[in-house]
Amino acid sequence: SQDGDHDVVPPVLALHRDGPAPLSLFQQRFWFLHRAGQPYRASLALQLHGDLNVAAFEQALAEVVRRHEVLRSCFPDEDGRPMQQVLPLAQALPLPLALTDLSALPQDASESTMLRLVAEEAQRPIDLANGPVLRAALVRNAEDRHTLLLTMHHIVYDAWSLGILMRELDAGYRAARQGLPSPLAPLPVQYADFAAWQHQRLQGDSLARLLGWWRDKLHDVPQVLNLPMDRPRTAQAQGGETLECPLPDALSDGLQALARRTGSTLFMTMLAAFDAL
């Protein structure tokens, strides 16, 4: 529907699903890339400090996976068209978690073994058609230090949702340690509901209007981003290193506020700053 010259955006509603659901446009891209031989997955090694109650941690992780259908979905195809299908929790997240104990090893041996475990986990493929698309394992580095090895396919997460996962895992673990139920309220909609909403929204005149707006905005963008700006572009290499540079809280808050005021992402704001520099 329309209100004057502006679309009235309908809300995302929980839909009755008695079978597989469609993929969002974001998921379709990653499904295609996966089939083309580019498995976009991330393997994270998250350090956990302090006395870890493994049973409570497993309970909290299971609750997050149960709560978010997309984390326990697989992506088979029917006649060449991908669909997402929710798996039972036990199939999507086998429990108890595999636990590797390195606490008795000397430090050098423990660190080298840890690096090997991380590398092996990063190389293990993910079967999108059958799942699971999320894997988790624990490593005990010392009595008061553990590492969570978490591997997920990009079809079910991005950097923003990773932050949500960590917050919900923390809240669930704190409650489980005290024998309390999860403090997280039920979700009104699931990601599959958003995918269905997106397909309904992006079609016909509405899709043509949105594509026209972006074509107008991007008609004269450069085809190549020539950085750095003070010398000719060099041949691009795949290798590189990461340099961490923590920002003060006040500066970080100011950058995010600037991004919101200008309707841009934090990445766009930082890239503009780099370009100006």
Side-chain angles (χ1 to χ4, degrees), residues 41-72 89-124 126 132-154 156-187 241-253 255-256 266:
R41 60 182 181 268
S43 292
L44 310 174
L46 306 174
Q47 287 196 350
L48 311 173
H49 296 276
D51 179 28
L52 181 68
N53 184 322
V54 174
F57 187 81
E58 291 174 340
Q59 180 180 336
L61 182 59
E63 172 59 20
V64 172
V65 176
R66 183 207 62 77
R67 175 177 163 82
H68 295 277
E69 287 182 356
V70 70
L71 295 179
R72 49 188 174 92
L89 179 58
Q91 185 177 346
L93 182 67
L95 292 174
L97 296 178
L99 177 62
T100 303
D101 194 344
L102 306 180
S103 60
L105 295 179
Q107 183 175 353
D108 290 347
S110 177
E111 291 179 355
S112 62
T113 303
M114 184 71 213
L115 291 175
R116 177 177 58 80
L117 291 174
V118 171
E120 290 176 352
E121 175 58 28
Q123 295 301 316
R124 285 179 59 199
I126 288 179
V133 293
L134 176 149
R135 292 196 302 264
L138 273 175
V139 178
R140 177 177 289 125
N141 306 101
E143 287 300 318
D144 61 348
R145 184 164 53 88
H146 292 72
T147 301
L148 172 65
L149 300 182
L150 196 64
T151 302
M152 292 182 288
H153 197 284
H154 248 312
V156 300
Y157 94 103
D158 57 13
W160 183 272
S161 55
L162 183 62
I164 296 173
L165 186 149
M166 292 296 103
R167 290 195 297 272
E168 293 191 359
L169 184 58
D170 177 68
Y173 176 68
R174 292 176 185 273
R177 282 199 65 153
Q178 302 177 53
L180 300 175
S182 172
L184 303 173
L187 293 173
E241 295 184 4
T242 299
L243 176 63
E244 294 188 4
C245 182
L247 301 180
D249 290 343
L251 178 57
S252 178
D253 293 343
L255 285 168
Q256 296 191 56
L266 184 59

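The first residue of the sequence shown is numbered 1, and numbering continues consecutively from there.
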Nearest atoms (heavy-atom pairs only) where [X] meets [Y]:
{"X": "Ala92", "Y": "Pro132", "answer": "O-CB, 3.3 Å"}
{"X": "Val133", "Y": "Val156", "answer": "CG2-CG1, 3.6 Å"}
{"X": "Pro181", "Y": "Ala175", "answer": "O-CB, 3.5 Å"}
{"X": "Ser103", "Y": "Ala142", "answer": "CB-CA, 3.9 Å"}
{"X": "Arg66", "Y": "Arg72", "answer": "O-NH2, 2.9 Å"}
{"X": "Leu184", "Y": "Ala171", "answer": "CD2-CB, 4.3 Å"}

Using side-chain heavy atoms (C-beta onward) and a distance below 4.5 Å, is [X] in contact with [Y]?
{"X": "Leu150", "Y": "Leu165", "result": "yes"}
{"X": "Arg135", "Y": "Ile126", "result": "yes"}
{"X": "Phe57", "Y": "Leu97", "result": "yes"}
{"X": "Val118", "Y": "Glu121", "result": "no"}

Modelled atom types, side-chain donor and acceptor of [X] and [Y], under 3.5 Å:
{"X": "Gln107", "Y": "Glu111", "result": "yes"}
{"X": "His146", "Y": "Arg140", "result": "yes"}
{"X": "Asp158", "Y": "Ser161", "result": "yes"}

With side-chain contact (heavy atoms from CB on, under 4.5 Å) as the test, pick out the partner of Met114 among Leu105, Val139, Thr100.
Val139
Please say which of Leu61, Leu48, Leu52 ends up in a side-chain contact (heavy atoms from CB on, under 4.5 Å) with Tyr173.
Leu52
Enter the distance from [X]:[atom1] to [Y]:[atom2] here, rounded to the nearest 0.5 Å.
{"X": "Leu89", "Y": "Leu95", "atom1": "CG", "atom2": "CG", "value": "7.0 Å"}
{"X": "Leu117", "Y": "Ser43", "atom1": "CG", "atom2": "OG", "value": "12.0 Å"}
{"X": "His49", "Y": "Thr147", "atom1": "NE2", "atom2": "OG1", "value": "8.0 Å"}
{"X": "Leu187", "Y": "Glu69", "atom1": "CG", "atom2": "CD", "value": "9.0 Å"}

Please check if the side chain of Arg67 supplies one atom and the backbone of Ala185 the other of a donor-acceptor pair under 3.5 Å.
yes
N/O donor-acceptor pair under 3.5 Å between Gln178 side chain and Arg174 backbone:
yes
Sidechain N-carboxylate O distance under 4.0 Å for Arg124, Glu120
no
Mind running side chain to side chain contact (heavy atoms under 4.5 Å, CB included) on Leu162 and Leu44 for me, showing each step along the way?
CA-CA 10 Å; Leu162 183 62; Leu44 310 174; 3.6 Å; yes
